[in-house]
2 protein chains.
Amino acid sequence: MSVLTGGKLKLIQAALRLITQSRSLTSLGLRELAREAGLNPNTFYRHFQNLDEFGLQVLSYIAEDMKSGVRELRRTAETSEQAAHDTVTFVYHYFLANPAATTVAVRELHGPSPLLRRALENQLDASAREMGEDIIDRQLVSGVEPRTIHEISTMTIRYILFRAMDYIDQPAQRERIQLETERFINRQFRGAMVEHLTRAELDTLADNKQ
Amino acid sequence: MSVLTGGKLKLIQAALRLITQSRSLTSLGLRELAREAGLNPNTFYRHFQNLDEFGLQVLSYIAEDMKSGVRELRRTAETSEQAAHDTVTFVYHYFLANPAATTVAVRELHGPSPLLRRALENQLDASAREMGEDIIDRQLVSGVEPRTIHEISTMTIRYILFRAMDYIDQPAQRERIQLETERFINRQFRGAMVEHLTRAELDTLADNKQ
DNA sequence: CCTCTAGGTATACATGTGTCTACCCGTTGA
DNA sequence: TCAACGGGTAGACACATGTATACCTAGAGG
């Protein structure tokens, strides 16, 4: 584990290229991969046992990448609103720079291979947990149970992932998508902050605005 | 348009069966379909020009189904919380009864075929608009702009769709998923209702609970 | 009664696929 | 110097795929 030697890396990168051009990881053929990588089909077997193992390796290659990306995200932000803005900006830029990884993640999270699905879920849940801990440590929201914060984090991570697809392939809509995402996050947390109020109390609050 | 004759229907249903057993619509082969349907491969060409057209027809077959399902949903519920509960219960039961349709929708919404993607988006947006109108007409939330209600509806429809996958294939988690979904919806709307408050006002509200 | 047609079938072809076995070549270590 | 070995190649295998052409049959319409 695990310096990637030439051929192996070439195959993985070929997969990422093919996926960006509208394929799904599970549907790639090994000859297709070799062709794209400029290698002999049989070279595949020098590095991977079969396509399942290949899929897993591509995934962990991506995961490595994503993790290091998201780690950088320890920013200084005072309010949760500011943090939401910073996070969303950062994450979408990251996704934009790594379209293949994003596409793989979105497609395989609900894709046909249970193996890849579980792997991705674990990966996402880990990120969500980190995000939750971060919010708690930095006390970005008040009066909300940790349990709820983690729940919201999980939802948010998934939401962002899916929107990232739109963000990538609809350049004209990027600003709108970013703003929607921020509103989404803020509403979740604001909603959680007033979860203990009755509907009547809420209604008066809502009606009293000008 | 469009009484489905024997063979055509058999092919579409074969597709739905195959998809439930962990395939994706785009990845189906016509021989595979014919085999599953108990027909000669060439019969496919009597009914469809190619696999793309087939995909679209499967989609509209499903759409028909879903639409009629969701239409039944005009229930009587007094509070938005109650409506959320009723809706979520109904929708998840519907998805549970139609796993193939659900799987197709989830897989192809971010799948490799732009054609199917657009078709599905339109379908979902239509449902979201209906949901939004319904909420507005029945005045289930107060003090929230129609624009915001529609935005939340769109997010909710997509959220539910993805969770439906988990709901279907994790029987032990169904109650939890349903509750999470309800909390998700309520937080969105509650969050929207207090969107006009400042953070300081919110913090006092949140800290004052016991 | 004949003809047309919709739906289903059979055969065949070129191309693609995963996998196996065998061969090759440069580096490394003894 | 020689053996082992990691990484790459070549050819061949059985089988799957999309598609084209031709044939068959049951029913409908005149």
Side-chain angles (χ1 to χ4, degrees), chain A residues 1-61 104 107-108 111-116, chain B residues 1-61 104 107-108 111-116:
Chain A
M1 262 295 195
S2 67
V3 181
L4 294 183
T5 88
K8 195 164 183 169
L9 187 63
K10 271 188 196 163
L11 285 167
I12 293 184
Q13 288 175 334
L16 295 183
R17 244 174 292 136
L18 287 172
I19 286 167
T20 332
Q21 295 159 20
S22 84
R23 305 289 324 262
S24 106
L25 181 51
T26 344
S27 77
L28 293 176
L30 103 204
R31 288 180 125 102
E32 199 181 358
L33 285 167
R35 214 178 304 128
E36 174 75 23
L39 291 173
N40 186 283
N42 291 301
T43 307
F44 182 90
Y45 287 106
R46 297 281 160 211
H47 302 288
F48 311 97
Q49 202 127 33
N50 51 45
L51 285 163
D52 273 346
E53 195 209 329
F54 177 70
L56 282 176
Q57 298 234 19
V58 172
L59 226 59
S60 74
Y61 177 82
V104 173
R107 299 242 164 95
E108 305 307 329
S113 156
L115 205 70
L116 296 188
Chain B
M1 261 290 190
S2 70
V3 180
L4 295 183
T5 87
K8 195 165 183 169
L9 187 62
K10 270 188 198 164
L11 285 168
I12 293 184
Q13 288 175 334
L16 295 182
R17 242 173 295 134
L18 286 172
I19 286 167
T20 331
Q21 295 157 21
S22 84
R23 304 291 322 263
S24 106
L25 181 51
T26 343
S27 77
L28 292 177
L30 102 204
R31 285 180 126 102
E32 198 181 0
L33 285 167
R35 215 178 304 128
E36 174 75 22
L39 291 173
N40 186 283
N42 291 301
T43 306
F44 181 89
Y45 288 106
R46 298 282 160 208
H47 303 288
F48 312 97
Q49 202 127 33
N50 51 45
L51 286 164
D52 273 345
E53 194 208 331
F54 177 71
L56 282 176
Q57 298 235 19
V58 172
L59 225 60
S60 73
Y61 177 83
V104 173
R107 299 240 165 97
E108 306 306 330
S113 157
L115 205 69
L116 297 187

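As a basis for the values below, the full set of heavy atoms in this structure was taken, side chains included, without hydrogen atoms, waters or symmetry mates. Here is the naming used below: chain letters follow the sequence lines, and residue numbers restart at 1 for every chain. These numbers were taken from a predicted model, which means no experiment stands behind them.
When the side-chain contact (heavy atoms from CB on, under 4.5 Å) test is applied to B:L51, the partners found at least two apart in sequence or on another chain are B:L30, B:L33, B:F44. With sequence neighbours excluded, the residues forming a side-chain hydrogen bond (donor to acceptor under 3.5 Å, both in side chains) with B:S27 are B:R23, listed by chain and number. The side-chain hydrogen bond (donor to acceptor under 3.5 Å, both in side chains) search around A:N42 returns A:N40, not counting sequence neighbours.
Distances shown here put a side-chain N or O of A:H47 below 4.0 Å from the OP1 or OP2 atom of D:dG8.
One atom, NZ of A:K8, and another, P of D:dG8, lie 11 Å apart when rounded to the nearest Å. At whole-Å resolution of the value, CD in B:E53 and C1' in D:dT19 are 16 Å apart. Atom CZ of B:F54 is separated from atom C1' of D:dT19 by 17 Å (rounded to the nearest Å). Protein atom CG of A:L11 is 10 Å distant from nucleotide atom P of D:dT9, rounded to whole Å.
Side-chain polar atoms of B:E108 and B:S113 form no donor-acceptor pair below 3.5 angstrom.
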Base, backbone or nothing for each nucleotide of nucleotides 10-25 of chain C, written B, S, -, heavy atoms under 4.0 angstrom, 5' to 3'?
BBB----BBBB-B---

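The list of side-chain hydrogen bond (donor to acceptor under 3.5 Å, both in side chains) pairs with a residue in residues 11-20 of chain B, not counting sequence neighbours, reads B:R17-B:E36. The ring pair (Phe, Tyr, Trp, His ring centres under 6.0 Å) pairs that include a residue from residues 11-36 of chain A number zero, where partners must be two or more places apart or lie in different chains.
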